[in-house]
Amino acid sequence: MLSLSHILESQLRAAMQRAFPAVEAELNPQLVPASKPEFGDFQANGALPLAKPLKQPPRQIATAIVEQLLKDPTFTDLCLEPEIAGPGFINLTLRPERLAMEVASRLADERLGVPAVQAASPVVVDFSSPNIAKEMHVGHLRSTIIGDSLARVLEFRGHPVLRLNHVGDWGTQFGMLITHLKQVAPEALETADAVDLGDLVAFYREAKKRFDDDEVFQATSREEVVKLQGGDPVSLKAWGLLCDQSRREFQKIYDRLDIRLSERGESFYNPFLAAVIDGLQQKGLLVTDAGAECVFLEGVQGKDGKPLPVIVQKSDGGFNYATTDLAAIRYRFGSGPDGDAARRVVYVTDAGQANHFAGVFQVAERAGWIPDGSRLEHVPFGLVQGEDGKKLKTRSGDTVRLRDLLDEAVERAEADLRSRLAQEERSESEEFIHHVAGTVGLAAVKYADLSQNRITNYQFSFDRMLALQGNTAPYLLYAVVRIAGIARKGGDLDASTTQLQFTEPQEWALVRELLKFDAVIAEVEEELLPNRLCAYLFELSQVFNRFYDQVPVLKAEPEALPSRLALCRLTADTLKLGLGLLGITTLERM
RNA sequence: GGGGCUGUAGCUCAGCUGGAUAGAGCGACGGUUUCCUAAACCGUAGGUCGUGGGUUCGAGUCCCGCCAGCCCCGCCA
């Protein structure tokens with residue numbers, strides 16, 4: 001209904017101008033969706049702020065606006081007579097036949113009323129970003145799931161999206177690991193898969209410990225990084241082997257989650273690091289401090305009130321992550337061949353990096369590397385916590401591997417399903433059980449994460465995410481299954497309907513809910529908050545379940561049947577599309 | 001010490017540019033099934049929106065102070 005609201009807005013604006021031609025300030029109708037169903041479809045709050053400048057009671061102002069509205073035939077064609085309520089709200093109700101027309105047009109539109117932008121320049125979504133030589137763990141869960149969903153929404157809107165996996169394949173950590181392996185397991189640096197990933201993780205832990213405790217080891221590691229960054233063939237080969245091995249493990253997780261990503265690790269920007277330093281130098285932003293090249297931030301003070309630096313070149317000559325991030329910003333906004341020519345770049349990383357990104361973004365801004373009219377955004381999210389409110393750990397206190405977490409979700413979904421089948425004395429094939437459990441388990445993990453406002457910490461709970469009632473994936477999937485059930489029992493959902501007619505309040509409620517879809521997608525695209533889409537899909541499922549419970553479909557009167565089937569079809573299409581944008585696949589039976 | 005985020009019902013959370021009596025789910029309590037999967041639906045109870053000021057026609061939402069929790073703070077990412 002976005003297009004209708006735009007039309008209404010301009011009609012309101014015009015009516016206000018006609019009613020109060022003397023007012024010079026911009027007249028804003030303040031048109032928003034009605035806060036409650038009994039107030040109609042939209043409400044215009046614009047009369048209230050005019051009370052003071054016009055020295056008139058707001059209801060009188062609203063009356064004058066409504067008077068003008070009623071003189072506009074395009075308005076009366078669209079809406080019933082407006083009502084003035086409360087202190088001066090103008091409540092607008094669309095004509096039922098217009099709502100039915102909107103439904104009809106969506107039934108004929110595979111995009112369900114969501115317009116496609118004609119965008120040539122890409123949007124970069126930087127997400128997931130695990131580290132080479134480590135396993136993906138619960139810390140990568142949110143970035144991976146949220147980033148994928150945002151990418152899907154942006155793609156659906158028509159943006160060319162670059163899904164970039166900025167894997168940690170460079171830097172000090174590699175120096176540590178390679179140095180350690182040279183000493184304890186040199187074969188791992190020369191032969192592919194000489195040690196498995198689990199061992200690599202153990203080696204990494206040992207290396208990290210030595211790095212923290214042993215100054216000699218620390219120095220050797222730093223030298224190793226410099227060698228690597230300098231292109232030393234032995235180091236490079238070892239590095240390549242480690243990356244290949246990790247990459248294959250990551251891919252298994254991505255395949256399982258149905259997530260597509262282009263790997264472009266930190267190392268990719270290696271050739272562009274020196275130019276970052278030169279560029280900052282040319283802009284006069286660079287300051288040498290204690291041997292390190294820094295840019296001091298404006299408006300951010302550290303202890304003792306001195307400005308905080310962003311270090312772009314360490315005193316040993318090496319570059320660090322800030323340098324890489326700056327090079328990445330230049331590359332992503334830059335035009336080809338060495339550039340992505342993006343107009344919007346978003347980073348889906350944990351909220352703990354907010355300061356880092358604020359600093360890096362400021363430096364990029366001051367260096368003039370963010371083109372006018374383009375957007376550079378950090379999309380932060382909170383920690384994953386256990387049900388005890390602390391950082392999620394295994395019972396033995398280790399980090400939870402992503403693989404294990406997904407396995408457990410699916411196992412629990414399967415156990416639930418089997419006990420339910422037994423209870424209902426249903427018999428299903430093993431294939432069915434595995435397919436349903438796999439879909440439900442992964443959907444539950446994704447939905448639970450996405451349905452919460454990402455900025456807050458997220459309390460992870462298998463029991464809650466797999467619950468069959470409430471705002472959960474199973475509840476939404478069940479709504480889709482119910483509609484599929486209607487189709488199986490003889491309802492032809494694809495039957496074309498020339499005349500839509502709705503009589504029951506439950507039908508109208510469903511119609512109105514269905515028509516909100518386009519506005520929700522626009523909101524997610526803008527705000528990058530997938531939980532808004534989740535909230536909508538949950539609401540839609542509830543409204544549908546109410547309809548399903550209280551209004552017969554297959555046993556409807558012949559004149560009502562086609563319209564009700566059409567509502568079912570549009571509901572199923574909307575749920576499937578919406579869930580698809582969350583990265584969740586639906587089922588026909590469960 | 002400085003900065004960021006958070007604080008809303010017993011629990012987990014919504015609350016979009018400030019707008020009508022602050023919403024949902026779970027849990028609790030009470031109902032509904034000869035009918036499309038009851039994995040559902042209907043109802044009841046439950047809140048000084050951390051706290052004190054301020055801005056204004058109007059504040060959970062904006063501004064300032066304070067309290068509590070989490071995170072970050074020069075050569076890790």
Side-chain angles (χ1 to χ4, degrees), chain A residues 28 30 32-33 35-36 39 43 45 48-49 51-52 57-58 85-89 91 129 131 166 168 170-173 176 208 211 266 289-294 300-305 308-316 318-322 324-325 349-356 358 380 382-383 385 387 389 391 416 420 424 426 451-453 455-459 461 463-464 467-472 474-475 477-479 481-491 519-520 523 526-527 529 531-532 534-535 538-539 542 545-546 548-550 552-556 568 589-590:
Chain A
N28 183 358
Q30 295 195 17
V32 292
S35 55
K36 287 188 178 177
F39 299 151
Q43 62 185 71
N45 304 333
L48 296 166
K52 205 167 192 186
F89 302 110
N91 289 340
S129 308
N131 290 322
H166 192 77
W170 210 244
T172 311
Q173 49 181 356
M176 282 159 37
K208 170 80 175 132
F211 186 85
E266 294 170 349
D289 192 89
E293 297 298 327
C294 308
V300 188
Q301 269 98 45
K303 309 168 187 178
D304 54 358
L308 225 55
V310 169
I311 294 175
V312 292
Q313 187 163 24
K314 299 185 283 184
S315 50
D316 64 6
F319 303 111
N320 63 8
Y321 61 106
T324 306
D325 282 340
T349 77
D350 70 276
Q353 298 189 51
N355 290 342
H356 162 68
L383 293 171
Q385 301 174 318
E387 287 179 82
K391 197 172 168 186
D416 274 3
R420 186 180 158 74
E424 293 178 1
R426 263 169 76 187
S451 61
Q452 187 153 141
N453 187 323
I455 195 73
T456 53
N457 289 344
Y458 159 50
Q459 198 172 104
S461 163
D463 287 332
R464 279 205 296 271
L468 308 170
Q469 54 280 100
N471 188 4
T472 65
Y475 178 87
L477 291 174
Y478 180 59
V481 164
R482 283 186 134 180
I483 299 170
I486 290 175
R488 268 198 308 280
K489 288 283 169 74
V520 172
E523 198 176 309
E526 179 59 27
E527 310 284 337
L529 289 171
N531 67 303
R532 298 272 165 80
C534 294
F538 177 53
E539 184 66 31
Q542 283 187 307
N545 275 328
R546 224 162 280 153
Y548 180 93
D549 193 62
Q550 296 163 13
V553 177
L554 290 176
K555 291 186 176 133
C568 288
R589 293 196 308 126
M590 64 192 279

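- Judged as a side-chain hydrogen bond (donor to acceptor under 3.5 Å, both in side chains), and not counting sequence neighbours, the contacts of Asn545(A) are Tyr475(A), Arg482(A).
- With sequence neighbours left out, the side-chain hydrogen bond (donor to acceptor under 3.5 Å, both in side chains) criterion links Gln353(A) to Asp350(A).
- Of the candidate nucleotides A14(B), U12(B), G74(B), A14(B) has the atom nearest to the side chain of Asn453(A).
- Taking the side chain as every heavy atom from C-beta outward, Cys568(A) and Val553(A) approach each other to under 4.5 Å.
- With a 4.5 Å cut-off on side-chain heavy atoms, Gln43(A) and Asn91(A) count as touching.
- For the ring-ring contact (aromatic ring centres under 6.0 Å, His included) test, residues two or more places apart in sequence or in another chain that qualify with Tyr548(A) are Phe544(A).
- Looking at residues two or more places apart in sequence or on another chain, you find a side-chain hydrogen bond (donor to acceptor under 3.5 Å, both in side chains) between Gln459(A) and Arg464(A).
- Listed by chain and number, the residues in a salt bridge (Lys or Arg N to Asp or Glu O under 4.0 Å) with Lys208(A) are Asp212(A) (sequence neighbours excluded).
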Wobble G-U and Watson-Crick pairs count when both distances are under 3.5 Å; given that, what is the 5' to 3' dot-bracket string of RNA chain B, with | for pairing to other strands? (((((((..((((.....[...)))).(((((.......))))).....(((((..]....))))))))))))....
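- Mapping Leu468(A) and Ile486(A) onto RNA chain B by nearest heavy atom places Ile486(A) at the nucleotide closer to the 5' end.
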Under 3.5 Å, which N/O atoms of the protein pair with N/O atoms of nucleotides 57-63 of chain B?
from: C57(B); atom 1: OP1; to: Lys52(A); atom 2: NZ; distance (Å): 3.2
from: C57(B); atom 1: OP2; to: Lys52(A); atom 2: NZ; distance (Å): 2.7

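- Remark: the Asn545(A) side chain and the A39(B) base include no donor-acceptor N/O pair separated by less than 3.5 Å.
- The gap from the P atom of G10(B) to that of G19(B) amounts to 25 Å, rounded to the nearest Å.
- Shown here are the salt bridge (Lys or Arg N to Asp or Glu O under 4.0 Å) partners of Arg532(A), two or more places apart in sequence or in another chain: Glu523(A).
- For Glu526(A), the salt bridge (Lys or Arg N to Asp or Glu O under 4.0 Å) partners at least two apart in sequence or on another chain are Arg375(A).
- Taking Phe39(A) as the reference, nothing meets the ring-ring contact (aromatic ring centres under 6.0 Å, His included) condition, with sequence neighbours excluded.
- Under the stacking definition used here (centres under 5.5 Å, planes under 30°), the residue Phe39(A) qualifies as stacked on the base of A20(B).
- The residue Asn91(A) sits close to a base: some heavy atom pair falls under 4.0 Å.
- Among the nucleotides C72(B), C75(B), A14(B), the one closest to any side-chain atom of Asn355(A) is C72(B).
- Considering only residues two or more places apart in sequence or on other chains, Arg488(A) meets the salt bridge (Lys or Arg N to Asp or Glu O under 4.0 Å) condition with none of them.
- Between the C1' atoms of C11(B) and G7(B), the separation comes to 15 Å (whole Å).
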How does each nucleotide of nucleotides 24-35 of chain B score, in 5' to 3' order, for protein heavy atoms under 4.0 Å: base (B), sugar-phosphate only (S), or none (-)? SSS--------S
